[in-house]
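Because the structure is a prediction, the values reported are computed rather than measured. We count ligands from 1, going down the list as the structure has it; atoms in each ligand are counted the same way.
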Amino acid sequence: MKALEKIYEGKAKILYTTSESNRLIQYFKDDATAFNAQKKGTIVNKGVINCAVSSEIFKFLETKGIQTHFVEKLSDREMLVKKVQIIPIEVVVRNAVAGSLAKRTGRPEGEKLSETLVEWYYKDDALGDPMVNRDHIRIFKWASDAEMTEIEKKAKKINTLLVPYFETRGIQLVDYKLEFGRSPEGILLADEITPDGCRLWDMKTKEKMDKDRFRFDLGKVEESYQEIFKRICK
Ligand code: TMP
Ligand code: ASP
């Protein structure tokens, strides 16, 4: 399957049409942005690592009964996916306090949450992806109540699968962002699951192994992505 026409270019990925109307190619770039693209840079080989890591995780989730848009990994940077209509909501799942949750609540970074926390953000770069609640989402018709109930259930199921998946690889899954899409088969997990959109801490050293290293200039950015790749894909 070959990439035909570019239909969308985001900050980290490009989407292309293919010869099949219900299939797209998701191409992973090395470009990295943070703080709503105020900070821009490159993480060498990130596209290759993220394509491989996301493919592995989607494959794992599929074996556990989670429907995703993943079809197959085509090359180093290309993933064949089912065409979906992306629901414009970023679903953030948290197991411990970090990032904007720490800022918003004053709770200490690393504090474990007594249960899985699901948050909703409206996917709009111009607005800086504001946090919204289920009433906003229903009233502005970004998604229906039934869809949100299904998404929340799926997000929690994904979390119960991914926490031990990362733990066996010596990684604490602190928080992450999911996106879902509508398809003829129902709601599918879409986009990517990579160190770009997850907080991943080494369980032994507590070192950050994700995009926070880029966001906050912590150094060893490429090395950390490489280490995640090693633990997930080898
Ligand atoms: P936050 O603490 O900044 O709200 O981020 C929570 C998680 O969601 C973190 O793992 C990073 C991820 N995330 C994205 O993937 N994209 C985004 O635009 C934001 C703000 C967060
Ligand atoms: N991906 C978002 C951006 O560029 C936010 C982030 O990951 O920090 O800007």
Among K123, E192, R199, K177, closest by any non-hydrogen atom to atom 3 (O) of ligand 1: R199
Expected output: side-chain R182 to main-chain Q85 donor-acceptor under 3.5 Å: no
Side-chain (S54) to main-chain (C51) donor-acceptor, under 3.5 angstrom: no
Verdict with reasoning, F216 to F35, per ring-ring contact (aromatic ring centres under 6.0 Å, His included): CA-CA 10 Å; F216 302 109; F35 311 119; 5.6 Å; yes
Top protein contact for atom 1 (P) of ligand 1, by heavy-atom distance: S100 OG, 3.4 Å
Test item, M131 contacting ligand 1 (heavy atom, 4.0 angstrom): no
Heavy-atom nearest option to atom 15 (O) of ligand 1, drawn from G197, A34, A37, P195: G197
Main-chain N/O of R169 paired to R231 side chain as donor or acceptor, under 3.5 Å: yes
Atom 20 (C) of ligand 1 touched by protein (heavy atom, under 4.0 Å): no
Taking atom 11 (C) of ligand 1 as the reference point, the nearest protein heavy atom with its distance: R215 NH2, 3.7 Å
Salt bridge (Lys or Arg N to Asp or Glu O under 4.0 Å) between E185 and K82, worked out: CA-CA 10 Å; E185 298 166 48; K82 294 172 184 168; 3.1 Å; yes
Donor-acceptor contact below 3.5 Å, side chain N36 vs main chain D125: yes
Where ligand 1 meets V92 - atom numbers and elements under 4.0 angstrom, heavy-atom basis: 6 (C), 8 (O)
Exercise: do R215 and T33 side chains pair donor with acceptor under 3.5 Å: no
Atoms of ligand 1 close to G99 [distance to a heavy atom under 4.0 angstrom, numbered from 1]: 2 (O)
Ligand 1-proximal atoms of R94, by part, heavy-atom distance under 4.0 Å: side chain
For Y121, the ligand 1 atoms whose distance to one of its heavy atoms is below 4.0 Å: 4 (O)
Same cluster (ILVMFWY, side-chain, under 4.5 Å), L80 and V48: no
Electrostatic pair E227-K230, nearest N-O below 4.0 angstrom: yes
Under-4.0 Å heavy-atom contact with ligand 1, by part of D129 that carries it: side chain
Sub-4.0 Å heavy-atom contact, E90 with ligand 1: yes
Protein residues having a heavy atom less than 4.0 Å from any atom of ligand 2: K11, T33, A34, F35, N36, A37, K211, R215
Nearest-option assignment for atom 9 (C) of ligand 1, heavy atoms, candidates L200, D175, L178: D175
Backbone N/O of F28 and side chain of R77: donor-acceptor pair under 3.5 Å: yes
Side-chain (D30) to main-chain (N45) donor-acceptor, under 3.5 angstrom: yes
Atom indices of ligand 1, in the order listed, that fall short of 4.0 Å to a heavy atom of Y176: 10 (O)
Spacing of NZ belonging to K46 relative to CD belonging to Q226, to within rounding of 0.5 Å: 14.0 Å
Atoms in ligand 1 flagged as close to C198, the criterion being non-hydrogen separation under 4.0 Å: 10 (O)
Q26 (side chain) donor-acceptor with D191 (main chain) under 3.5 angstrom: yes
